[in-house]
Amino acid sequence: MKLFLEDPHLFEYYSLVVVLLLLFGATFLVEKIKSWRQWTGIGLILLPVLYFFILLDAHLVNIPYTDDFNLLETVQKLRNSGSVMEMLKALFEQVNQHRFGFERIVMLIMFVFTGTVNIKTQIIIGDLFMLGIGYLLYLSLKREGISWYWFIPVPYILFNLVYFENAYWGIAALQNTPLIFFAMLTAYGLARDDEKGFRIGLIAALLTTFTSGSGLLAWIVGMIILVFQKRFKNLLWWLAASIAVLMFYFFFDYQFVSSQGEKVWNHPVFNAIFVMAFWGNALYLDVRHPLVPVFHKDMIACVVLGAGITFIFAAWALRILLARKPTWSDWFLLGTMMFIMGTGAMFVISRPINNYVMYGGTVFSRRYMIFGIVLVAACYVCVVIVLKNFKSWKKLAAIVAMLFFVGLNFVSYFTSIVSIRKLHDDLVIDSYFWKNYKTFLTIGDLFTDIPFWNHPTRMRDLIISLESDGITDFYQFYDMPAQEDLIRQTKSGNPFAGRFDAQSQYRNGESNHSVKYFKFFVTPEKVQKEAFYIVLESEQHTIVLPAVPEPNTVSDFLQKASYYSNNYQYSLYKAKLPEGKYRAWIMSRGESGKWESAATGKQVLFY
């Protein structure tokens with residue numbers, strides 16, 4: 001898997017996709033190879049799934065990232081709880097408006113059986129729920145008597161890097177992906193219209209509630225489905241269960257968090273556009289969205305897609321109202337869309353805006369893109385079902401979806417593989433920053449920030465406790481000398497063979513203020529097979545920054561059949577590093593495997 005870290009083999013992946021697509025299409029034109037259709041179709045379904053998880057495995061490290069520490073702290077509390085009440089308070093401890101009961105149970109089970117909490121395993125467990133999401137969508141087509149061939153485009157929209165933050169971050173992977181699956185399972189159970197399905201729906205709604213705060217919507221979605229199904233006896237039980245759950249959720253060791261923002265109805269047009277952008281956020285690209293007055297094309301595309309999704313949802317709901325006897329797929333897909341679109345509405349209500357979302361680059365957190373991805377997949381299934389008796393139109397819809405989903409799949413990987421590589425390299429070096437400076441490279445705006453709570457001792461005591469109990473191995477990659485001895489112990493007599501440069505510019509930060517921004521560039525003479533670092537040495541500090549490879553341009557990617565170039569860089573805001581005059585070194589492993597630093601002959605001034 002290390003090979004996929006150095007070269008993600010994106011060219012080979014898409015070459016294989018294109019070959020399989022051409023062969024699959026040819027089976028409809030050439031009678032002699034008709035027997036290949038099934039196997040090429042299966043290959044087209046499995047290929048994006050396998051590539052996603054292989055790439056995932058190559059870039060994941062067992063290192064906590066931001067909110068992961070909160071859940072790890074909970075594991076400690078659960079282990080040390082002296083009573084049932086203390087255990088319940090730890091298990092359902094409030095984080096903002098959320099109660100992460102499901103996530104904590106998974107981590108606790110992991111600890112009980114293995115004696116540790118492996119963040120990498122946690123992420124893979126969370127992402128595996130996407131297989132369940134795909135299977136439920138497949139069942140919708142199967143229940144309608146539609147061939148499984150029409151399912152082929154779906155994996156390409158479900159398994160991509162549009163939502164890379166959700167896919168490669170412990171708490172996000174174990175929160176949002178299971179959340180959507182449990183919500184869909186709630187709709188699945190109620191759509192069955194039988195007692196077994198009702199019990200499935202109840203259990204799934206309970207799991208949805210204690211996976212994330214928006215999981216409370218599952219109860220509302222369930223009520224709507226039961227009302228329109230005219231299952232009033234089940235509705236009474238559903239109402240009783242929802243009241244009991246809500247009473248526990250909001251009155252057991254809970255503090256209400258008030259929103260400081262404006263009310264959503266103060267700017268109804270802007271916020272209506274905002275919610276459509278959330279619903280269509282599958283087109284939110286991994287490109288810089290500066291907070292400057294300009295319309296961003298991908299944000300406009302999100303709004304347009306969201307408007308299209310709104311139309312499909314309205315048409316689907318109207319179809320159910322006019323149907324004499326709605327089918328299982330009708331109720332299931334309605335419930336799925338209602339939950340995801342309701343989550344978007346909750347997001348906007350909690351964060352209303354007073355301008356156009358696409359004007360100035362108002363950004364979403366990357367982990368929310370998974371909602372838009374699943375929503376688009378569900379809408380595709382709806383369109384295929386509506387057109388199932390119109391063969392030509394159904395075929396056209398599948399071809400358009402295939403081209404769109406495969407194209408988005410490629411764009412997401414091409415723009416975001418470098419982002420997950422950077423996160424991987426940052427996490428690997430986090431232990432160096434913590435050991436030497438009691439801060440992290442991955443968290444905080446200032447060099448003096450103490451993650452996660454900016455408390456003088458809480459994080460220190462937590463890491464010591466987690467390490468001593470074997471819950472995490474935070475220092476597994478830390479094998480460098482202390483910062484004050486780093487250059488003295490690693491410097492070699494040879495100068496760096498290659499080019500090093502540094503640039504500074506002003507760019508808007510999160511608060512829309514102009515902040516100095518530094519970028520470092522490295523081009524070694526020889527191709528680097530191992531990770532190496534940019535070292536900045538001053539009289540007081542020795543800062544180590546990972547050299548992250550830059551992707552090739554699209555034309556170079558096609559010509560060289562390689563994703564990464566031989567150029568490396570690292571960038572960050574000035575406030576993240578202390579001021580001073582620094583000598584620049586390049587540190588890599590020598591033939592002996594030990595760290596060696598070569599002088600670049602350049603100096604960098606932070607001011």
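Since we're looking at a predicted model, the values are computed, not measured.
- Between Y188 and L139, some side-chain heavy-atom pair lies under the 4.5 Å cut-off.
- Aromatic ring centres of F210 and F100: separated by at least 6.0 Å.
- For the pair R37/F28, a side-chain contact is recorded, criterion being any heavy-atom separation below 4.5 Å from C-beta on.
- Checking V348, V303, I353 one by one against I273, the side chain to side chain contact (heavy atoms under 4.5 Å, CB included) holds for a single residue, V303.
- Within 6.0 Å of CZ in F390 there are 12 or fewer heavy atoms belonging to other residues, nucleotides or ligands.
- Screening residues 389-408 for side chain to side chain donor-acceptor pair (under 3.5 Å) gives no qualifying pairs among residues at least two apart or on separate chains.
- The line from CG of N176 to CD1 of I373 is 13.0 Å long, rounded to the nearest 0.5 Å.
- The side-chain heavy atoms of D426 and D430, taken from C-beta on, include no pair separated by under 4.5 Å.
- Aromatic rings of F159 and F52 (six-membered ring for Trp) have centroids within the 6.0 Å cut-off, being under it.
- Considering only heavy atoms from C-beta on, F347 stays 4.5 Å or farther from V275 through its side chain.
- Salt bridge present: D194 and R192 bring a charged side-chain N and a carboxylate O closer than 4.0 Å.
- Between Y51 and Y413, the gap from one ring centroid to the other is short of 6.0 Å.
- For the pair R351 and F364, the cation does not sit on the ring face, since its NZ or CZ is not both under 6.0 Å from the ring centre and inside 45° of the axis.
- Minimum interatomic distance between E550 and Q569 (heavy atoms only, all atoms of both residues): OE2-CG, 3.1 Å.
- A cation-pi arrangement is not found for R366 relative to Y163, the charged atom failing to lie both closer than 6.0 Å to the ring centre and inside a 45° cone about the ring normal.
- Relative ring orientation between Y368 and F278 is described as tilted, the plane-to-plane angle lying within the 30° to 60° band.
- Annotation: side chain of F129 is not in contact with side chain of I180 (no heavy-atom distance under 4.5 Å).
- F182 has its ring centre less than 6.0 Å from the ring centre of F102.
- Residues W279 and M341 come closest through the heavy atom pair NE1-O, 3.0 Å.
- Between the side chain of D298 and the main chain of Y284, no donor-acceptor pair closer than 3.5 Å is present.
- In this structure, Y65 and I119 have side chains that are not in contact, with every pair of non-hydrogen atoms separated by 4.5 Å or more.
- Considering every non-hydrogen atom in both C302 and N281, the closest pair reads SG-CA, 3.8 Å.
- Residues passing the ring-ring contact (aromatic ring centres under 6.0 Å, His included) test with Y149 are F24, sequence neighbours excluded.
- The aromatic rings of F557 and F11 stand perpendicular to each other, their planes meeting at an angle above 60°, with 30° marking the opposite boundary.
- In this structure a side-chain-to-backbone donor-acceptor pair under 3.5 Å is missing from T208 to A218.
- For the pair F228 and I320, the minimum side-chain heavy-atom distance is 4.5 Å or more.
- Aromatic ring centres of F410 and F414 lie closer together than 6.0 Å.
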| I133 and V374: side chain to side chain contact (heavy atoms under 4.5 Å, CB included), yes or no, with the steps? | CA-CA 8 Å; I133 291 171; V374 177; 4.0 Å; yes

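- With a 6.0 Å radius and a threshold of 12 heavy atoms from other residues, nucleotides or ligands, W39 has its CH2 atom at or below the threshold.
- Note: W328 and F332 have parallel aromatic rings, judged against thresholds of 30 and 60 degrees for the angle between ring planes.
- Formation of a donor-acceptor pair under 3.5 Å by the R421 side chain with backbone atoms of L5 is found in this model.
- When all heavy atoms are compared, the tightest approach of L190 to G222 is CD1-CA, 3.4 Å.
- Looking at every heavy atom in both residues, K422 comes nearest to S571 through CE-O, 4.4 Å.
- Looking at K120, its side chain does come within 3.5 Å of a backbone N or O of D57 through a donor-acceptor pair.
- Scanning both residues, L217 and T343, for their nearest heavy atoms gives CD1-N, 3.3 Å.
- Legend: salt bridge (charged side-chain N to carboxylate O under 4.0 Å, His left out) pairs involving residues 327-348, not counting sequence neighbours, sorted by first then second residue: R319-D330.
- Of the possible polar contacts, one joining the N160 side chain to the I157 backbone as a donor-acceptor pair under 3.5 Å is found.
- Side-chain contact between M184 and L179: absent, with no pair of heavy atoms (C-beta onward) separated by less than 4.5 Å.
- Between the side chain of N166 and the main chain of M369, no donor-acceptor pair closer than 3.5 Å is present.
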